[in-house]
Amino acid sequence: TYADLLRTQGATIESVRQGSELRLAGYLRLYSREVFNDEWFAQLSPEIHQQLMDEYGDRRHVSWFFLNANEVKKTEIDLDYAQAAEELKAYADRITDAESFALLAEQYSEHDLTRRRRGELGWITKSGAGVDAKLAEAVFDAPIGTLYGPVRTAQGMALIWVHQARPLASEEDFRMAVRRGRHVELRKRLLEEIRLRTVYDLRN
C-alpha cells in the first residue's frame, strides 16, 4: 500500500500531509488557476489554442515495433526504408492481436527502451511531446485496437498498435490539463520571484 511504501522511507501519510511538498503542490494549483484563468484562455488566438489542444488534449495509448533504417545504407547489414518496411510487413503477417504484437516487439524491435516494455510507448498527444512528429501524426490516424503501418519516422520504420483513446470531455477538462501541465513552469517562476536559487536548482 501507499502507507507501506512511505514507511520504507521513514515517513507516514500524516507527515506527507504536513510536509512542505504537499503545501507547494497546493499553492501551485491555486497559482495556476490565477495565472491561467478563464480570461487568459479567452484571449488565446485560434492557433495557440490548437497548439495547446495538441499538447494537452486527446491522448492515445500506444505500442510500437521499430526497425532502424537509413536513406542510404552504410553497411551491407543496414536496412534502407523500403527494406525495413518489407521486413515489418513480414512480421505483420504474424500479428493477430495486441498480445502477439507485444511478443514480437519484445523479441525483435530495435528500440531498446520500449523493447523491454514489450513495445509500449505509453500515452501520446497530437503534439507528440518527446515523440517523433510523424509517428504522433500516424497514431491519430490509426484505428483503435488493430495493427497499423508500416509508418515512416525520422530514424526508421514502425508498426503501431493503439490500445485505447482518451478524449477530453469538455473545455473545462482542457483548461485543467493545461494548468496541471504548466506546474513545472510555474514552480520555476515562483522560485525565481522569491530568489531561492541557493536552495533549488532551477534547471530541474
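The figures here come from the full heavy-atom set of this structure, side chains too, leaving out hydrogens, waters and symmetry mates.
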Are [Y] and [X] co-members of a hydrophobic cluster defined by side-chain heavy atoms under 4.5 Å apart?
X	Y	answer
Trp40	Ile48	yes
Val62	Met157	no
Leu168	Ile144	no

Exercise for the section: Applying side-chain contact (heavy atoms from CB on, under 4.5 Å), run through Leu52 and Arg182 and close with a yes or a no. Expected result: CA-CA 11 Å; Leu52 291 171; Arg182 295 298 177 92; 3.2 Å; yes
Exercise for the section: Return the orientation label for the Phe174 and Phe41 ring planes: parallel under 30°, perpendicular over 60°, tilted otherwise. Expected result: perpendicular
Handout entry: Glu99/Arg118 salt bridge by N-O under 4.0 Å criterion
Key = yes
Practice task
State plainly whether the residues Lys134 and Asp141 are in salt-bridge range, i.e. N to O under 4.0 Å.
Solution key: no
Tell me the closest heavy-atom pair linking [X] and [Y], and the distance in Å.
X	Y	value
Thr125	Phe140	C-CE1, 3.4 Å
Arg59	Trp123	CB-CE3, 3.6 Å
Ala84	Leu67	O-CD1, 3.9 Å
Leu88	Ala158	CD1-N, 3.5 Å
Arg115	Ser109	NH1-O, 3.0 Å

Quick one: pull up [atom1] in [X] and [atom2] in [Y] and give me the separation to the nearest 0.5 Å.
X	Y	atom1	atom2	value
Gln83	Asn70	CD	CG	10.0 Å
Thr114	Glu106	OG1	CD	11.0 Å
Glu172	Ser170	CD	OG	6.5 Å
His163	Leu121	NE2	CG	9.0 Å
Asp78	Asn68	CG	CG	8.5 Å

Do the side chains of [Y] and [X] get nearer than 4.5 Å, heavy atoms only?
X	Y	result
Ile95	Leu159	yes
Gln155	Phe66	yes
Trp161	Leu147	yes
Val162	Thr146	no
Phe65	Glu110	no
Glu55	Gln51	no
Ile160	Val139	yes
Leu79	Glu87	yes

Handout entry: Distance under 6.0 Å and angle within 45° of ring axis: Arg175 vs Phe36
Key = no
Handout entry: His111: partners by ring-ring contact (aromatic ring centres under 6.0 Å, His included), with sequence neighbours left out
Key = Trp64
Exercise for the section: Mind running salt bridge (charged side-chain N to carboxylate O under 4.0 Å, His left out) on Arg179 and Asp38 for me, showing each step along the way? Expected result: CA-CA 11 Å; Arg179 289 164 181 152; Asp38 290 344; 3.6 Å; yes
Exercise for the section: Step through the shown structure and confirm whether more than 12 heavy atoms of other residues, nucleotides or ligands are within 6.0 Å of CE on Met53. Expected result: yes
Exercise for the section: Take atom CD of Gln164 as the centre, draw a 6.0 Å sphere, and report whether it contains more than 12 heavy atoms from other residues, nucleotides or ligands. Expected result: yes
Problem - His61/Glu120 under side-chain contact (heavy atoms from CB on, under 4.5 Å): CA gap, chis, key distance, verdict - result: CA-CA 8 Å; His61 185 206; Glu120 184 177 2; 2.7 Å; yes
Exercise for the section: Begin with the C-alpha distance, continue with both residues' side-chain angles, and end with the deciding distance and a verdict on side-chain contact (heavy atoms from CB on, under 4.5 Å) for Arg60 and Arg166. Expected result: CA-CA 6 Å; Arg60 292 194 165 194; Arg166 184 183 290 168; over 6 Å; no
Problem - Side chain Asp132, main chain Thr153, donor-acceptor under 3.5 Å - result: no
Problem - Stepwise side-chain contact (heavy atoms from CB on, under 4.5 Å) check, Arg94 with Leu104 - result: CA-CA 9 Å; Arg94 300 163 58 184; Leu104 287 175; 3.5 Å; yes
Handout entry: Donor-acceptor pair between Glu39 and Gln43 side chains, under 3.5 angstrom
Key = yes
